[in-house]
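Just below is one structure, and these are the notes that go with it.
Numbers for residues simply follow the sequence, beginning at 1.
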Amino acid sequence: MKGPPAPLVEELSRLGYALMRLLLARAKETFAQEGLSLLQAEVLRLVKEGIQLPSRLAEHLEVLPSQVSHLLASMEEAGLLERHPDPQDRRRVLLRLTPKGEAVHKRLQEAWLQAYGQHLARLSPKELLLFRDLLRKLTEVEGG
């Protein structure tokens with residue numbers, strides 16, 4: 001199957017990158033209001049979603065375990081999360097959000113959805129559904 005013409009691919013690539021940069025800039029602004037970096041906000045989200053092992057966090061964030069260790073220490077110091085021994089394996093540490101971390105995560109999620117929603121508001125209801133369907137198609141795992 002032949003792909004689309006190169007000039008169209010190039011334009012779509014530029015537009016996709018521009019959208020990504022725009023959303024990242026907006027996310028940084030949103031998260032900075034809570035005093036957090038993008039990485040810290042992502043840690044809150046991942047722990048909230050059930051990622052409890054620091055090694056798994058490193059995998060998801062695509063950073064070195066030592067970087068995660070420093071990140072977790074600063075977030076623990078800020079009262080956003082806590083580490084505790086794994087009852088199944090005392091050599092491992094599990095992560096969980098503190099009540100403060102839960103509250104911050106909730107505020108971040110609401111602020112982000114509002115910010116992203118403002119961008120999506122430029123689209124009509126029909127365009128929104130089409131955009132969703134196209135994103136689903138483009139993010140499908142090949143062969144899956």
Side-chain angles (χ1 to χ4, degrees), residues 1 3-4 6 8-123 125-144:
M1 182 166 126
L8 180 58
V9 171
E10 189 176 328
E11 181 182 7
L12 289 170
S13 174
R14 278 195 312 272
L15 290 169
Y17 185 74
L19 177 61
M20 183 181 70
R21 287 190 50 99
L22 179 75
L23 293 175
L24 275 174
R26 191 63 187 264
K28 284 180 186 178
E29 288 173 19
T30 301
F31 302 153
Q33 291 171 1
E34 288 285 345
L36 297 177
S37 68
L38 281 172
L39 210 50
Q40 290 170 319
E42 185 66 358
V43 167
L44 287 179
R45 184 186 71 77
L46 289 168
V47 172
K48 177 70 177 170
E49 289 181 359
I51 304 296
Q52 293 185 296
L53 294 172
S55 59
R56 295 279 292 132
L57 267 181
E59 289 172 21
H60 280 270
L61 298 171
E62 298 180 0
V63 298
L64 297 171
S66 60
Q67 291 172 295
V68 166
S69 182
H70 292 296
L71 186 61
L72 294 177
S74 68
M75 294 179 74
E76 191 171 28
E77 192 175 300
L80 298 172
L81 59 81
E82 55 192 17
R83 299 182 250 201
H84 59 95
D86 182 343
Q88 306 299 321
D89 182 349
R90 305 290 284 173
R91 295 169 295 174
R92 291 193 322 190
V93 170
L94 298 178
L95 306 169
R96 71 174 156 233
L97 297 184
T98 62
K100 179 181 177 182
E102 292 274 356
V104 168
H105 173 266
K106 185 175 189 226
R107 287 194 304 271
L108 287 175
Q109 186 177 28
E110 289 169 357
W112 170 245
L113 291 177
Q114 182 180 7
Y116 190 42
Q118 288 173 345
H119 287 285
L120 292 174
R122 298 174 185 174
L123 302 176
K126 186 177 179 180
E127 289 171 326
L128 280 170
L129 293 175
L130 178 60
F131 185 57
R132 180 203 60 198
D133 292 345
L134 292 171
L135 286 176
R136 283 180 176 170
K137 189 171 187 174
L138 289 172
T139 57
E140 285 176 359
V141 176
E142 285 194 33

Quiz prompt | Nearest-0.5 Å distance, CG of residue L80 to CE of residue M75 | solution = 5.0 Å
Quiz item: For Y17 and R14, what are the C-alpha separation, side-chain angles and deciding distance, and is it a side chain to side chain contact (heavy atoms under 4.5 Å, CB included)?
Solution: CA-CA 5 Å; Y17 185 74; R14 278 195 312 272; 5.8 Å; no
Quiz item: Can any side-chain N or O of K48 pair as donor or acceptor with the backbone N or O of K106 at less than 3.5 Å?
Solution: no
Exercise. State the CZ-OG1 distance between R26 and T30, to the nearest 0.5 angstrom.
Key: 5.5 Å
Practice problem: Might you work through the side chain to side chain contact (heavy atoms under 4.5 Å, CB included) test for M20 and L24, ending with a clear yes or no? | Solution: CA-CA 6 Å; M20 183 181 70; L24 275 174; 4.3 Å; yes
Exercise. Return the minimal non-hydrogen interatomic distance between L72 and R83, and the atom names on each side.
Key: C-NH2, 3.8 Å
Self-check item: Residue Q118 excluded, over 12 heavy atoms near CD under 6.0 Å
Solution: yes
Exercise. Indicate the atoms forming the closest heavy-atom contact of L128 with L120, along with that distance.
Key: CD2-O, 3.6 Å
Exercise. Return the minimal non-hydrogen interatomic distance between V47 and R96, and the atom names on each side.
Key: CG1-CA, 3.9 Å
Quiz prompt | Which atom of L8 lies closest to which atom of P4, heavy atoms considered | solution = CD2-CB, 4.3 Å
Self-check item: NE2 on H60 to CD on E42, rounded to 0.5 Å
Solution: 9.5 Å
Quiz prompt | side chain to side chain contact (heavy atoms under 4.5 Å, CB included) between R132 and L135, worked out | solution = CA-CA 5 Å; R132 180 203 60 198; L135 286 176; 5.9 Å; no
Quiz item: Nearest heavy-atom pair of L38 and A27: which atoms, and what distance?
Solution: CD2-CB, 3.6 Å
Quiz item: Among L57, V43, L61, which one satisfies side-chain contact (heavy atoms from CB on, under 4.5 Å) with I51?
Solution: L57
Exercise. Supply the atom-to-atom distance R45 CZ to L108 CG, rounded to the nearest 0.5 angstrom.
Key: 12.0 Å
Quiz prompt | Spacing of L95 atom CG and E76 atom CD [to the nearest 0.5 Å] | solution = 8.5 Å
Quiz item: How many angstroms lie between CD in E82 and CG in L94, if you round to the nearest 0.5 Å?
Solution: 11.0 Å
Quiz item: Would you call R107-E110 a salt bridge at under 4.0 Å N-O?
Solution: no
Exercise. Write down the atom of S74, the atom of Q40, and the distance for their closest heavy-atom approach.
Key: OG-NE2, 3.7 Å
Exercise. Check step by step if side chain to side chain contact (heavy atoms under 4.5 Å, CB included) holds for W112 and L23.
Key: CA-CA 10 Å; W112 170 245; L23 293 175; 4.1 Å; yes
